[in-house]
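The next block holds one structure in the form of structure tokens; read it before the comments.
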Amino acid sequence: MRVTQIFAAAALALASTFAVAAATDASAGAEQAIRNTLKTLALEVPVESVASSPVNGLYEVKLQGGRVLYASGDGQFVMQGYLYQIQDGKPVNLTEKTERQGIAKLINGIPAAEMVVYPAKGETKSHITVFTDTTCPYCHKLHAEVPELNRRGIEVRYVAFPRQGLGSPGDEQLQAVWCSSDRRAALDKMIDGKEIKAAKCANPVSKQFELGQSIGVNGTPAIVLQSGQVIPGYQPAPQVAKLALASDGKAAK
């Protein structure tokens, strides 16, 4: 009887191993089929990963920059749109959640040495990353409220986004700011309408411009919360602070 039980347990373990292997093979086959299909679409954005979605037979395709697509396992169908799950009677946007996680990873990974940082006064409760252009009037308006944001415990991190493209006057001004020995002072002066001079240097302006484009930024200012949520356009300091503090709680989960 004991021998029978041993053989039964061994058979069960072997069956489980084969099932896992089959699922792994199926997943690998689906990923290759989906990647082959996406190559024919000539996407400008590289594919970061392909993995099963919460829906059976539907795969989640993460693109560099945080965007998400969905595809069938055979690669014959590809779609872009929101995937919702009903939790406790309420719709949860799974696509938006995944995209924000991808954006947060990119934005929060930018080295401080490549940004212009205005630290919070006292305890840092949260931070925002702002794509800015020194020729943008609403960027000037937001910049005037940076001291208030700092007072509320919000660190403001600036990255460059010449809204009229590389080679534009905004691009030249941003490069001058980033090549200055005191970037904060240079940015303050430039936004105040004063001319600054700085020697040309290797700088991250074009890289940050491309990063902004990859996550969907198409104008300035564009505010990215710690959670990865992108807020296009100007918002007054109290509203930005409220969103930033709420975002900090979501990012910590």
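A distance of 10.5 Å separates CD1 in Ile223 from CD in Gln229, rounded to the nearest 0.5 Å. In this structure, CD1 in Ile107 is found 11.0 Å from CG in Leu225, a value given to the nearest 0.5 Å. Expressed to the nearest 0.5 Å, how far CD1 of Ile154 lies from NZ of Lys121 amounts to 14.0 Å. Note that OG1 of Thr129 is 6.0 Å distant from CG of Asn108, once rounded to the nearest 0.5 Å. Interatomic distance, OG of Ser180 versus CD of Gln175, reported as 11.5 Å (0.5 Å rounding). Summarising the geometry, atom CD1 belonging to Ile191 is positioned 9.5 Å from atom CD belonging to Gln173; distances are rounded to the nearest 0.5 Å.
For Asn218, the CG atom sits in a loose shell: 12 or fewer heavy atoms of surrounding residues, nucleotides or ligands are nearer than 6.0 Å. Around the CG atom of Asn56, the shell of radius 6.0 Å holds no more than 12 heavy atoms that belong to other residues, nucleotides or ligands. Gln80 CD: 12 or fewer foreign heavy atoms inside a 6.0 Å radius.
Within the structure, ring-ring contact (aromatic ring centres under 6.0 Å, His included) contacts touching residues 79-117 (residues at least two apart or in different chains) do not occur. The salt bridge (charged side-chain N to carboxylate O under 4.0 Å, His left out) pairs that include a residue from residues 220-242 number zero, where partners must be two or more places apart or lie in different chains. Residue pairs that meet the salt bridge (charged side-chain N to carboxylate O under 4.0 Å, His left out) test with at least one member in residues 195-216, sequence neighbours left out, are Glu114-Lys207, Glu172-Lys200, Glu195-Lys197. Contacts classified as ring-ring contact (aromatic ring centres under 6.0 Å, His included) and involving residues 191-237 (residues at least two apart or in different chains) are given here: Phe161-Phe209. Applying the ring-ring contact (aromatic ring centres under 6.0 Å, His included) test to every pair with at least one member in residues 33-57, sequence neighbours left out, gives no pairs at all. Within the structure, every pair that satisfies the salt bridge (charged side-chain N to carboxylate O under 4.0 Å, His left out) test and touches residues 149-161, not counting sequence neighbours, is listed here: Glu148-Arg151, Glu148-Arg152, Glu155-Arg157.
Hydrophobic clustering (side-chain heavy atoms under 4.5 Å, transitive across Ile, Leu, Val, Met, Phe, Trp, Tyr) keeps Ile196 apart from Met115. There is no path of hydrophobic side-chain contacts, each under 4.5 Å, that joins Val156 to Val159. The cluster map of Ile, Leu, Val, Met, Phe, Trp and Tyr, joined by side-chain heavy atoms under 4.5 Å apart, puts Leu106 and Val117 in the same cluster. Val224 and Leu211 fall within a single hydrophobic cluster, where Ile, Leu, Val, Met, Phe, Trp and Tyr are joined by side-chain heavy atoms under 4.5 Å apart, directly or via other members. Follow the hydrophobic side-chain contacts under 4.5 Å out from Leu245 and you reach Ile128 in the same cluster.
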Worked verdict on Arg100 versus Glu96 for salt bridge (Lys or Arg N to Asp or Glu O under 4.0 Å): CA-CA 6 Å; Arg100 287 182 180 179; Glu96 190 174 74; 3.4 Å; yes
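For the pair Arg183 (side chain) and Trp178 (backbone), a donor-acceptor distance under 3.5 Å is present. Although no hydrogens or angles enter the test, the distance criterion places a donor-acceptor pair under 3.5 Å between the side chain of Gln208 and the main chain of Ala160. Between the Asp133 side chain and the Thr135 main chain, a donor and an acceptor come within less than 3.5 Å of each other. Put simply, the side chain of His140 gets close to the backbone of Thr134: a donor and an acceptor are under 3.5 Å apart. Looking at Thr132, its side chain never comes within 3.5 Å of a backbone N or O of Tyr158 through a donor-acceptor pair. Of the possible donor and acceptor atoms, none in the side chain of Thr220 sits under 3.5 Å from a partner among the backbone N and O of Arg163.
Using a 4.5 Å heavy-atom cutoff, the side chains of Phe131 and Pro221 are not in contact.
In this view, Asp188 and Tyr118, His143 satisfy the side chain to side chain contact (heavy atoms under 4.5 Å, CB included) rule, not counting sequence neighbours. Not counting sequence neighbours, Asp182 has no partner by the side chain to side chain donor-acceptor pair (under 3.5 Å) test. Scanning for side chain to side chain contact (heavy atoms under 4.5 Å, CB included) contacts around Ser168 gives Pro162, Gln164, Asp171, with sequence neighbours left out. Not counting sequence neighbours, Cys136 has no partner by the disulfide bond (SG atoms under 2.5 Å apart) test. For Pro54, the side chain to side chain contact (heavy atoms under 4.5 Å, CB included) partners two or more places apart in sequence, or in a different chain, are Leu83, Leu94.
Salt-bridge check for Glu145 with Lys141: failed, with every basic side-chain N at 4.0 Å or more from each acidic carboxylate O. Salt bridge annotation for Asp88-Lys90: absent, with no cationic side-chain nitrogen under 4.0 angstrom from a carboxylate oxygen.
A pairwise comparison of heavy atoms in Ala222 and Val217 identifies CB-CG1, 3.8 Å as the closest pair. Of all heavy-atom pairs spanning Ala176 and Met190, the tightest one is CB-CE, 4.3 Å.
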Name the atoms and distances for all side-chain donor-acceptor pairs under 3.5 Å in residues 66-79, with sequence neighbours left out.
from	atom 1	to	atom 2	distance (Å)
Tyr70	OH	Thr95	OG1	2.6
Ser72	OG	Asp74	OD1	2.6
Ser72	OG	Gln76	N	3.4
Ser72	OG	Phe77	N	3.1
Asp74	OD1	Gln76	N	2.9

